[in-house]
Amino acid sequence: MSKPSLPRGTRDFGPEQMVKRTFILTTIRSTFQRFGFQPLETPTLENLSVLMGKYGDEGDQLLFKVLNSGDFAGKLTPEDWTADSKQITTKIAEKGLRYDLTVPFARYVVMNRGTLPFPFKRFQIQPVWRADRPQKGRYREFYQCDADVVGTDSLLCEAEIVLMLHESLRALGIADFTVKINNRKILTGIAETIGAAGMEGPLCVAIDKLDKIGKEKVIQELHERGFTPENTQKLDPIFNLSTEEQPFDLLRNWLADSEIGRKGLDELEEIWTLVEGFGLNSPQMQFDVTLARGLSYYTGAIFEVKANGVQIGSISGGGRYDNLTGTFGVPGLSGVGISLGVDRIYDVMEELNLFPENQSITTHLMLTNFDREAELYGLKIVKAAREAGLNTEMYPDAVKLKKQLDYADRKQIPFVLLIGSSEIETGLLTLKNMKTGEQTKASVNEILKLVKAYLEPQINI
RNA sequence: GAGAUUGUAGCUCAGCAGGUUAGAGCGUCGGAUUGUGGUUCCGAAGGUCGCGGGUUCGAACCCCGUCUUUCUCCCCA
């Protein structure tokens with residue numbers, strides 16, 4: 001018998017961690033709902049035809065593919081085995097684990113377009129899988145919390161996303177964050193302006209690394225990707241942008257000849273105007289030209305959230321995609337959305353010590369188990385305590401008291417009710433406060449009141 | 001997918017240039033205390049040295065492969 005192990009990049013979540021994760025999940029969920037988003041869940045498995053080609057070549061490689069059921073290799077010919085081994089996967093796997101929540105959402109919208117109220121706002125909180133190599137803050141199985149609106153071009157949605165990010169992160173206690181915003185159209189405009197129209201793809205990939213590798217190396221990489229020295233020379237103004245307080249005017253001048261670039265700027269300024277209109281308290285948003293998320297489907301706004309003071313990747317990302325449903329045969333549906341990474345948020349909160357105390361209490365009251373008679377006597381008390389709203393349990397075995405109290409101590413149960421022969425005779429039960437060690441004798445009703453009164457300030461009963 | 005790095009008791013780690021029966025602290029379990037936890041004292045259990053192969057008289061230690069950990073690149077939540 002070999003020792004059990006977990007697949008790389010996956011984790012168990014024990015009771016302690018689950019309490020914290022649930023806190024994150026419920027906080028985000030209630031924020032999404034307050035903004036009018038409705039829940040959706042989609043299957044873990046999708047057909048590979050839905051998943052493939054949506055995330056670029058890299059993405060296809062990171063998809064977990066599921067072997068066909070039954071004799072998956074039975075119909076393969078000898079030629080298949082000798083040909084390119086990657087070709088074989090299309091013949092033996094036709095399903096895969098979902099890679100994100102946006103593509104399954106697009107699939108859902110297309111399949112149900114006749115019945116959905118548009119604009120359709122949905123949120124979705126489920127795990128996703130990527131066959132990535134794990135690192136800090138990077139797992140192969142992790143949860144995403146997505147909120148998307150599909151069926152409207154309104155920039156109000158973008159502004160609401162900014163608001164939702166602020167509200168949910170602040171509710172979690174993460175105060176020091178930056179919502180970075182850019183617009184894909186501006187990047188397209190820049191490509192036009194420097195005389196490299198249509199090359200914003202590679203431009204983005206290189207520019208995105210500016211704060212990581214610096215100006216020199218970005219230019220070097222651009223040359224490697226086919227940009228001429230003339231192109232990169234014209235690009236020069238961009239390297240000063242990130243230090244500017246108000247880069248809009250500067251950009252407007254620079255991109256004056258690019259229609260799409262001007263459009264991008266208009267959109268960006270409109271988002272700022274709307275957020276201001278909401279009266280958001282000290283917005284933590286920042287325009288960042290170097291922000292160019294790799295996903296190939298973004299067409300308008302691009303979002304990314306960085307938790308400051310923690311060495312970890314972005315905790316949230318999103319943007320507008322004008323034509324996601326187009327790949328499923330329904331063009332013209334514009335959507336915009338955001339995705340929060342629960343696991344990274346967890347890591348950030350753990351590192352910054354932001355989890356609230358007193359969340360770990362699961363059982364409020366434990367009854368001891370002396371003997372058969374006391375056990376039977378206690379059952380109705382357990383039921384009464386539960387009906388009073390207390391998390392209650394009785395120790396299941398009549399073992400030594402020491403052991404029972406030790407159990408309560410380790411489980412951090414605040415109150416223990418001792419019931420022995422004398423208690424049964426008098427009807428006065430012994431309540432022990434595990435924190436102070438203090439013991440009081442009282443009737444069942446009084447005890448339930450006492451415990452509730454003590455816990456009320458900490459816990460909602 | 002490329003490169004580096006880690007793996008010894010439940011946990012954190014020792015293990016002297018390859019040399020007999022692999023150690024410690026914490027934790028666990030039992031007892032001191034047959035109805036009183038967190039402190040103390042006494043005692044005990046617990047290890048295919050990640051896995052598989054090789055070199056050697058002899059491997060936890062050296063070599064190869066594989067899995068795993070952490071990190072960089074790539075990409076991303």
Side-chain angles (χ1 to χ4, degrees), chain A residues 1-11 14 24 28 55-63 86 98-102 125-146 165 204-206 208-209 212-213 217 221 291-296 298 302-307 311-319 337-348 366 368-371 374 395 398-424 429-439:
Chain A
M1 195 76 86
S2 63
K3 285 183 184 173
S5 63
L6 284 173
R8 98 185 308 198
T10 67
R11 299 142 305 149
I24 296 175
I28 292 173
Y55 311 104
D57 297 340
E58 294 268 351
D60 285 355
Q61 210 175 5
L62 295 179
L63 282 172
K86 281 181 183 167
R98 84 169 89 78
Y99 177 92
D100 71 358
L101 302 178
T102 310
I125 300 177
Q126 286 186 278
V128 302
W129 293 267
R130 294 181 191 178
D132 213 345
R133 198 167 284 210
Q135 291 174 38
K136 177 171 185 176
R138 176 175 301 193
Y139 309 97
R140 295 185 121 177
E141 178 184 57
F142 60 97
Y143 270 71
Q144 289 192 328
C145 304
D146 273 35
L165 286 170
C204 290
V205 173
D208 191 35
K209 296 178 196 161
K212 238 183 189 172
I213 63 177
K217 292 212 167 160
E221 185 167 335
L291 176 61
R293 315 196 71 254
L295 287 180
S296 45
Y298 291 129
I302 307 170
F303 303 105
E304 189 165 294
V305 181
K306 179 86 188 70
Q311 204 66 26
I312 202 166
S314 58
I315 54 175
S316 176
I338 193 71
S339 176
L340 285 127
V342 177
D343 303 81
R344 284 189 180 174
I345 288 172
Y346 183 100
D347 290 347
V348 166
M366 185 190 93
T368 58
N369 191 331
F370 275 99
D371 50 31
Y395 196 89
V399 295
K400 277 197 271 191
L401 233 211
K402 172 186 165 73
K403 200 164 181 176
Q404 302 190 31
L405 285 171
D406 192 52
Y407 169 82
D409 187 43
R410 294 186 46 179
K411 227 173 142 177
Q412 295 189 55
I413 297 172
F415 289 101
V416 172
L417 191 54
L418 295 102
I419 303 170
S421 50
S422 67
E423 280 84 356
I424 294 175
L429 313 177
T430 305
L431 181 70
K432 186 181 180 76
N433 179 327
M434 291 297 280
K435 209 163 190 177
T436 62
E438 180 193 351
Q439 294 188 182

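Chain naming here is simple, since letters A, B, ... match the order of the sequence lines and numbering starts at 1 in each. Hydrogens, waters and symmetry mates are skipped; everything else that's a heavy atom, side chains included, is used.
- Whole-Å rounding puts the A:Ile338 CD1 to B:rC76 C1' distance at 14 Å.
- Atom P of B:rG58 sits at a distance of 23 Å from the matching atom of B:rA17, rounded to the whole Å.
- Pairing each heavy atom of A:Thr430 with each of A:Glu423, the nearest pair is OG1-OE2, 2.6 Å.
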Q | Nucleotide-resolved protein contact map, nucleotides 29-45 of chain B, B/S/- at heavy-atom distance under 4.0 Å | A | -SS---BBBB-------
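- Atom name P, nucleotides B:rG7 and B:rG15: the rounded distance is 11 Å, in whole Å.
- One P atom belongs to B:rC13, the other to B:rU70, and the distance between them is 13 Å to the nearest Å.
- Put simply, CH2 on A:Trp129 is 17 Å from C1' on B:rC76, counting in whole angstrom units.
- In A:Tyr143, the OH atom is not crowded: 12 or fewer heavy atoms of neighbouring residues, nucleotides or ligands sit closer than 6.0 Å.
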Return the polar atom pairs (N/O with N/O) between nucleotides 67-73 of chain B and the protein under 3.5 Å, or none.
{"residue": "B:rU69", "atom": "OP2", "partner": "A:Arg8", "partner atom": "NE", "Å": "3.3"}
{"residue": "B:rC71", "atom": "OP2", "partner": "A:Lys136", "partner atom": "N", "Å": "2.4"}
{"residue": "B:rU72", "atom": "OP2", "partner": "A:Gln135", "partner atom": "OE1", "Å": "2.8"}

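- When all heavy atoms are compared, the tightest approach of A:Gly137 to A:Asp347 is CA-OD2, 3.9 Å.
- Rounded to whole Å, the separation between the P atoms of B:rG30 and B:rU20 comes to 36 Å.
- Residue contacts shown for A:Tyr139 include a base, since a base heavy atom lies under 4.0 Å away.
- With the 3.5 Å cutoff on both pairing distances, Watson-Crick and G-U pairs in RNA chain B assemble into runs of at least 3 at B:1-4 with B:70-73, B:10-13 with B:23-26, B:28-32 with B:40-44, B:50-54 with B:62-66.
- When all heavy atoms are compared, the tightest approach of A:Leu418 to A:Lys432 is CD1-CB, 3.8 Å.
- The C1' atoms of B:rA14 and B:rA60 are separated by 12 Å, rounded to the nearest whole Å.
- Separation of the P atoms belonging to B:rA9 and B:rC71 is 22 Å when rounded to the nearest angstrom.
- Looking at A:Arg138, its side chain never comes within 3.5 Å of a backbone N or O of A:Arg133 through a donor-acceptor pair.
- The nearest whole Å value for the distance from the CG atom in A:Leu63 to the P atom in B:rC76 is 14 Å.
- In terms of heavy-atom proximity, A:Leu6 sits nearest to A:Arg11 at CD1-CA, 3.9 Å.
- Judged by distance alone, with hydrogens and angles left aside, the side-chain atoms of A:Arg140 form no donor-acceptor pair with the main-chain N or O of A:Trp129 at under 3.5 Å.
- In this structure a side-chain-to-backbone donor-acceptor pair under 3.5 Å is present from A:Ser316 to A:Ser339.
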